[in-house]
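Just so it is clear, the model here is predicted, and its values are computed rather than measured.
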Amino acid sequence: QADFLVHLGDKSHVPIVSFSATSPPLSSLRSPYFLRAAQIDSSQVNAISAVIQAFGWKEAVLIYVDNEFGAGIIPSLTIALEEVNTRVPYRSPISPSATDDQILQELYKLMTMQTRVFIVHMLPTLGSRLFAKAKEVGMMREGYVWILTNGITDLLSSVDSSTVASSMQGVLGIKTYIPDTPNLDNFMVRWRMKFQQENPSVHNPTLNIFGYRAYDAAWALAMAIGEMGATNFTNQMLNASTDTTDLEKFGVSQNGQKLLQELADMTFAGLTGNFRLIDGQLESTVFQIVNINGNAARGIGFWTLENGLVRDLYSFSTSKYSTNVGSIIWPGDSTSVPKGWEIPTNGKRLKILVPVKGSSLQFVTVTPDPSTNTIQVTGYCIDIFRAAIEKLPYAVAYDFIPYGIAGSTYNDMIDKVFYKNYDAVVGDTTITANRSLYVDFTLPYTESGVAMLVPYKDNKNKNAWVFLKPLTWDLWLTTGCFFVFIALVVWILEHQINEEFGGPAAHQVGTSFWFSFSIMVFAQRERVFSNLTRFVVIVWFFVVLILTQSYTASLSSLLVVQNLQPTVADIDKLLKSGEKVGYYHGSFVYGMLKQMKFDDSRLMYYRSPEECDALLSKGIAKGGIAAAFDETPYIKLVISQYCNKYTMIPTLKTAGFGFIFPKGSPLVPDISQAILNITEGPKMTEIENTWFPSKSNCLDSTNSISSNSLDLDSFWGLFLIAGATAVLALFIFMVMFIKKS
């Protein structure tokens, strides 16, 4: 009817003012003579999405009447939900003439899905039947969320109160806000009096939103005509043939354009609020959020274009999507916010893919059991997934399905989940930016990164002068000078009173130097008689002890570090060398190596840690590889088996391993939270020790071992003490010698 009338108005240049045509598709007619004195249905979609976002629901099913009124809001509502990251997994159109059995059939279909948030857009006649059947099949119990558009809430008074009280408890709704004003109160008093006079048998009559809008539309038209003054409303007849229909003989109004302009500029305080037409339709800025309890809807908040969700119109919210509304009683008389989804007990079990491969069995192992014709799935990744499932506050039924088609890759499994053939992938799957475009990952449960595995250098040909490296040249020179200086001091203090330091000059020099240098290995045989000499020697003993112990430790460290030097320490040098490198077959690392400009001729794949060890052990000369690139957990697995042969060099950053689910899966945040609880507790350590036990005979190549030579700055204090002691002894000796003489 509206389409037809709009066409007539456009043809005759007569404004068509509608107070009930709310369907968005009417706007597509683009008729300048169509004025909508009502709020378009799509004006409420942002209020609905704000409610969805406020409670964190990630999926919502749309249930609507299958006609132009119902389907008109769906595109804009879907877009509004996508803007708040809420997915619409299913749309449920219901025919206006649907039987109860057809409604039940559709509800049973919805019960088999995970989503428990339903947005309903239809008129009360069909809506009351829908909720009666939803109550019958158990869809009005705790855990379900029902949100009504104003198609029902604005006309809730027309729904039988017993149906509301028995079948619609806990439902949320978006309602057109009508402010309580003296103008409205005065109108209702006058209208009831007139209505009672004409209909004395009707008690307590009520008027719905369309009655208010009809009054405002008529008032706007009357005011517009009044503004035009005494005008003769005439039509100019069109030339038409004699065989045309009456509709084709319509004339063109001479005053329609002026009347249209007056209506477009009209502004006044109507019964439903401020009457003002914007782009040919009534301005809408406020909606009321209601919660059905008893046999009526109770206001719990508002949505405004400026502030989003607010408890009342005079408060302000810090976020347009905050839960700043009043208390809500949900279906099932629950006060707990539903999580918006659940695994249906009468639904299918989750089908979870696990990779089947011949290596890295510590991560995932699939073992067939011929006696029971079943499979056993174990491994590090599997244990973490099972531990996460156990921490969920609800039961999740699932089956592991091995996937290992010849030539298949991890991306093939991801494709299976993307196309909804399977529900998840559990295994050693790496989180990457490209993969996250198609599926959702949980939080990582392993450390991230791609690393390079390289052998230690073969140091059979040692440097013959390596024993000089523990000390710097200035420390060697200072130590030698002090040995000579101490020898001189001992000779001065002892040669006059000790026969062992007497005799020929050559004997005295040799004995003095022998005594001083033999202290280094504590092999001196000469006795000293002077207390001053003993004082000097004791201090020098202490200095020599510190020096020899430090030298021994530094030399040992230097020799160990030489043994732990990697053959390759830099990717750039590896690229320039032209040597071959390895990667795990089917891994995304292959693509990363190609991005780093490694040619295919230089890339070799391996399928197990044993093959990786064999390629590295061969060496370049025998057709092996210089280094292997893989994810950090795999590299650590190889090192745990060949810990004294290889070392790991971090290369690139990745996000680590994560479990894969379809886009928008409600399981992702819950399992991610469970993974956090596992990683922060002892369970993770227990799982790691089970599948990756540490070996006590392995050198920890991840720790940096210092091989810097010892310098004079570390020992100048000792030399200062030894020098000061010797000088003091000489000074005392000279004083005593002068006194005796």
Looking only at non-hydrogen atoms, find the nearest pair between [X] and [Y] and report the distance.
{"X": "L263", "Y": "V17", "result": "CD1-CG2, 3.9 Å"}
{"X": "H121", "Y": "T149", "result": "ND1-OG1, 2.7 Å"}
{"X": "A60", "Y": "P89", "result": "O-CD, 3.4 Å"}
{"X": "V65", "Y": "P96", "result": "CG2-CG, 3.6 Å"}
{"X": "D423", "Y": "F661", "result": "O-CD2, 3.6 Å"}
{"X": "L130", "Y": "I94", "result": "CD1-CD1, 3.9 Å"}

- Does CG in D279 sit with more than 12 non-hydrogen atoms of other residues, nucleotides or ligands closer than 6.0 Å?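 Result for CG/D279: open.
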- Message: Would you say CZ of R276 has more than 12 non-hydrogen atoms from neighbouring residues, nucleotides or ligands within 6.0 angstrom?
- Response: no
Would you say the side-chain atoms of [X] pair up with the backbone N or O of [Y], donor to acceptor, closer than 3.5 Å?
{"X": "D412", "Y": "T409", "answer": "yes"}
{"X": "N208", "Y": "D154", "answer": "no"}
{"X": "W303", "Y": "Q44", "answer": "no"}
{"X": "R116", "Y": "K339", "answer": "no"}
{"X": "T442", "Y": "F659", "answer": "yes"}
{"X": "R311", "Y": "G301", "answer": "no"}
{"X": "S23", "Y": "L26", "answer": "no"}
{"X": "Q169", "Y": "V164", "answer": "yes"}
{"X": "N150", "Y": "I174", "answer": "no"}
{"X": "S253", "Y": "S12", "answer": "no"}

- Sorted by chain and number, sequence neighbours left out, side-chain hydrogen bond (donor to acceptor under 3.5 Å, both in side chains) with T22 holds for D41
- Results of side-chain hydrogen bond (donor to acceptor under 3.5 Å, both in side chains) for E106 - residues two or more places apart only: Y90, S92
Which residues satisfy the side chain to side chain contact (heavy atoms under 4.5 Å, CB included) test with [X], sequence neighbours excluded?
{"X": "T99", "value": "D101, Q102"}
{"X": "M188", "value": "L184, W191, R192, L207, Y212"}
{"X": "E262", "value": "A224, E227, M228"}

- Query: Listed by chain and number, what are the ring pair (Phe, Tyr, Trp, His ring centres under 6.0 Å) partners of Y177, not counting sequence neighbours?
  - Reply: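 If we apply the ring pair (Phe, Tyr, Trp, His ring centres under 6.0 Å) test to Y177, skipping adjacent residues, the hits are F302.
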- Message: Is any side-chain heavy atom of V337 closer than 4.5 Å to one of W57?
- Response: yes
- Task: Using a strict 4.0 Å threshold on nitrogen-to-oxygen distance, state whether R386 and E390 make a salt bridge.
- Result: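 No, R386 and E390 are not salt-bridged.
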- Task: Could I get the full list of salt bridge (charged side-chain N to carboxylate O under 4.0 Å, His left out) partners for R141, not counting sequence neighbours?
- Result: E342
- Show the numbers, then the answer: is there a side-chain contact (heavy atoms from CB on, under 4.5 Å) between S43 and F287? CA-CA 9 Å; S43 63; F287 285 97; 3.4 Å; yes
- Message: Between L148 and I292, is the side-chain contact (heavy atoms from CB on, under 4.5 Å) condition met? List the steps.
- Response: CA-CA 10 Å; L148 303 177; I292 297 179; 4.1 Å; yes
Salt bridge (Lys or Arg N to Asp or Glu O under 4.0 Å) partners of [range], not counting sequence neighbours, each pair once:
{"range": "residues 12-25", "value": "none"}
{"range": "residues 126-136", "value": "D100-R129, D100-K133, K133-E136"}
{"range": "residues 433-442", "value": "D440-K663"}

- Please find out if less than 6.0 Å separates the ring center of W330 from that of F55.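 Judged by ring-centre distance (under 6.0 Å), W330 and F55 do meet the cut-off.
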- Item | ring-ring contact (aromatic ring centres under 6.0 Å, His included) contacts touching residues 142-161 (sequence neighbours left out) |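 Non-adjacent pairs meeting ring-ring contact (aromatic ring centres under 6.0 Å, His included): F118-W146, F131-W146.
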- Evaluate side-chain contact (heavy atoms from CB on, under 4.5 Å) for W341 paired with T115, printing each intermediate quantity in order. CA-CA 4 Å; W341 71 278; T115 309; 5.6 Å; no
- Task: Walk me through it: do I63 and L110 pass the test side-chain contact (heavy atoms from CB on, under 4.5 Å)?
- Result: CA-CA 10 Å; I63 306 176; L110 297 179; 3.6 Å; yes
- side-chain hydrogen bond (donor to acceptor under 3.5 Å, both in side chains): pairs with one or both residues in residues 60-75, sequence neighbours excluded: none
